[in-house]
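Worksheet: the structure to be examined is printed underneath.
Throughout, a chain's letter reflects where its sequence line sits, starting with A, and its residues are numbered from 1.
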2 protein chains.
Amino acid sequence: MKSKFPAPTPGRSGPRPGQSATLRMVAREAGVSASTVSRIINGTVKVSDGLKRSVEAAIAKFGFRPNAAARGLALGKTSTIGVVAQAIDSPFYGEGLRGIETGLRQRGYAPLIMSGNWRIEDEERCVQELIARGVDGIIVFAGRLSDAKLKGYAKSVPIVVTGRRLRAPRLLSMQIEDAKGSMLAVRHLLDLGHRQIAFITGSENHPDAIERLRGYTQALVEGGIDFNPNLVAVGDWHEEGGVRATLELLDSKSRFTALFCVNDQTAYGACLALYRKGLSVPHDVSVIGFDDLPSSTYRLPPLTSVRQSIGELGERSAQGILELIAGRRPRIAAPDVELMVRESTGRCPGS
Amino acid sequence: MKSKFPAPTPGRSGPRPGQSATLRMVAREAGVSASTVSRIINGTVKVSDGLKRSVEAAIAKFGFRPNAAARGLALGKTSTIGVVAQAIDSPFYGEGLRGIETGLRQRGYAPLIMSGNWRIEDEERCVQELIARGVDGIIVFAGRLSDAKLKGYAKSVPIVVTGRRLRAPRLLSMQIEDAKGSMLAVRHLLDLGHRQIAFITGSENHPDAIERLRGYTQALVEGGIDFNPNLVAVGDWHEEGGVRATLELLDSKSRFTALFCVNDQTAYGACLALYRKGLSVPHDVSVIGFDDLPSSTYRLPPLTSVRQSIGELGERSAQGILELIAGRRPRIAAPDVELMVRESTGRCPGS
DNA sequence: CCGGTTTCTGAAACCGGTTGCAGGATCATA
DNA sequence: TATGATCCTGCAACCGGTTTCAGAAACCGG
């Protein structure tokens, strides 16, 4: 009953030259059964010292590493966490992914990253693909997927989602304090004597953008200033949108001495546009961003920004998903926002 | 002979609420055998129309997606490509990873990304871990691992490595034309009348840094200028190193009117340091970077840089690894370097 | 109307680890 | 020394797909 079954010949590549060793090969080499080797590797039970030594020798000899697919199949887990990002190449996501990787690595998990490209259907495809790949959990980093869908998916796999507030079993959401961050920024500008403060938002219907706009208006009102819709322009979260929106603002009749941008990349664009128009930051216009990307420290001038430590958020997401997997109900919140004052903001010219 | 074997109870989580359907469940529902369902899904053989329809109905009903671990085990492949990056959060790698993901996605592969953190031992751990996870191939994006090790690993799995030239079976290397890029940059500066051109390198023993330095000296020599070691400073590939190195250069007695940096991030730091010292770019000093990161277009002033389309490099790496997996010997080279002239370079003040 | 194809379909082996159960060896106790 | 408790280890079932082989059904021409 050994091998009536002919070699399966997977694909056309044939048996690999360096074909990795199997558990049974190690077992045969060490003169024990596969179960014993497995138990030694996982430390499931104690085995006699002699055996242990010889098995370890055999493992070393073959350079054996248990096949993850087989192990995953048997255990029903893959030690892999799916991550849905939106654009793997944006500095924002880069930092978050680093945090996630760091958080997962130390527990023996690895991230399987996919990009949603800000498209709801791409995102959905990602989630399904990840589930099919049997990830043990999914982290949705700032997605667009509907709450209902997310809850539904949470039935088949634990989910951590950032950027919204949502309660469901086996799901953890972490909301950045967008409004609070905006208020910090605007208050800082008010303190500097600015009264005409413009705002460049992201895509108009994006929840984060909406919240940040809300914080902006609220802080203005608290400062006794009327909200002026002409001082709000629409960007696209990227530098390009920042340039465009800033030019629009400058072309409109409304004057402003300070500019608060929905994120740092938008602020970068804004600074460039101001520079093109011969305006100096912060002399003529103060500029504040949101996110505090690492490179903001090195802008000219260094950009004042609302810090929301994305890296930390990533690490916490990782921690959260692992807790969920362990069956616990984690109570983890996003890190606090905080204003990093640098050189792109200064006293209002006239004041 | 149904189930004398008690439920294995994987972990403590028990059977999941939304436990995904299995092939046999679908088969039972459709009144056929598992083999038939498998064949229909993979299109291995033709089946009668009626069966096909009812099986598809059953699949849809359960929302069935074949378990990737099981499939991987049976097929001996995982449709996953391991990627060893160095720092997932650097803009450089971000762009490369996007390219890789794009290239893989369309062929049904997904990247499993790990960070080597520029440490050779981390990198090695990554590669081993990836192999254990049964990836079908590995892309090493600008690594430090020795050529010999790499060749060794290539015996167990196809490898694409960027940033060096190396020939081995089942291995494809793609070398960026570092020296050529440097020469483009320096020649541009020479054309603008600069004669004192400084250079900030990366970590001193890094192959890319060495090559870029070589291109720099060669272009100088061709321009009839002696190489002056006092005009070379050491950075760390990051903004911080650029700042430090620039300050060192300024403090030294050697004057310079142009500054070529080993990469864009270093150039960002250099610009900041110049700004701090009251020097204007490009009025007092011209600055050129290398990589042409997306954000370089939006620097103040927009940075002149040697473009080496990392995204394209990533896509080609993806294409290369898939070719290797298919058993072919791809002939793919890195994209050409090209100088993007922007506003951080201008005519030499005195000329 | 029958033997020979051709086409489908199902049973079962297999991928490579994990683990419940049971049997043998070892040890302690009466 | 007999006997029950404790340890250790091997057998074999199982995870969930894939694939070979063989048998059944449908189709062919003679």
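Atom-to-atom, CG of A:D49 to C1' of D:dT9 comes out at 16 Å; the value is rounded to the nearest Å. Separating the NZ atom of A:K52 from the P atom of D:dT9 is a distance of 11 Å, rounded to the nearest angstrom. Whole-Å rounding puts the B:L51 CG to C:dC8 P distance at 11 Å. Atom NZ in B:K46 sits about 15 Å away from atom C1' in C:dT9, given to the nearest Å. To the nearest angstrom, C1' of C:dC15 lies 10 Å from CZ of A:R24. For A:R39 and C:dT18, the CZ to P distance is 11 Å, given to the nearest whole Å. In this structure, A:L23 places its CG atom 13 Å from P of C:dC15, rounding to the nearest Å. When rounded to the nearest whole Å, the span between CZ of A:R65 and P of C:dG17 equals 12 Å.
At C:dA12, none of the side-chain N or O atoms of B:S35 fall inside 4.0 Å of OP1 or OP2 (strictly under the cut-off). Checking the phosphate oxygens (OP1, OP2) of C:dG10, a side-chain nitrogen or oxygen of B:T36 falls inside 4.0 Å. For B:R71, a side-chain nitrogen or oxygen approaches OP1 or OP2 of D:dT18 to under 4.0 Å. Using a 4.0 Å cut-off, no side-chain N or O of A:N67 falls inside it from OP1 or OP2 of C:dC15.
Contact annotation for A:S38: base contact, defined as any heavy-atom pair under 4.0 Å involving a base atom. The residue B:V37 sits apart from the nucleic acid: no heavy atom pair falls under 4.0 Å.
Of all non-hydrogen atoms in B:I131 and B:S156, the two that sit nearest each other are CD1-OG, 3.9 Å. Nearest approach of B:E101 to A:M114, heavy atoms of both residues: OE2-CA, 3.2 Å.
Of the candidates C:dG16, D:dT9, C:dG10, the closest approach to any side-chain atom of A:T22 belongs to C:dG16. In this structure, of D:dT18, D:dT20, C:dG17, it is C:dG17 that holds the atom nearest to the side chain of A:F64. Of the candidates C:dA11, C:dG16, D:dG17, C:dG16 carries the atom nearest the A:L73 side chain, counting heavy atoms from C-beta on. You'll find that the side chain of A:S33 is closest to D:dC11, out of D:dG17, C:dG16, D:dC11.
A donor-acceptor pair is defined here as one N or O able to donate and one able to accept, closer than 3.5 Å; such a pair exists between the side chain of B:R316 and the backbone of B:A333.
When side chains are defined from C-beta on, B:Y109 counts as touching B:D136, because their heavy atoms get closer than 4.5 Å.
Under the 3.5 Å distance criterion, with hydrogens and angles disregarded, no donor-acceptor pair is assigned to the side chains of B:S115 and A:R105.
Secondary-structure annotation of DNA chain D gives the stems C:1-30 with D:1-30, with a stem taken as at least 3 successive Watson-Crick or G-U pairs whose two distances both fall under 3.5 Å.
Taking the six-membered ring where the residue is Trp, A:F141 and A:F92 present tilted rings, their angle falling between 30° and 60°.
Between B:T44 and A:V45, the residue whose closest nucleotide on DNA chain D is further toward the 5' end is A:V45.
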Residues A:I59, A:I41; criterion side-chain contact (heavy atoms from CB on, under 4.5 Å); working and verdict
CA-CA 9 Å; A:I59 290 178; A:I41 291 176; 3.8 Å; yes
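In this structure, the separation between CG on B:D89 and CD on A:E95 is 6.5 Å, given to the nearest 0.5 Å.
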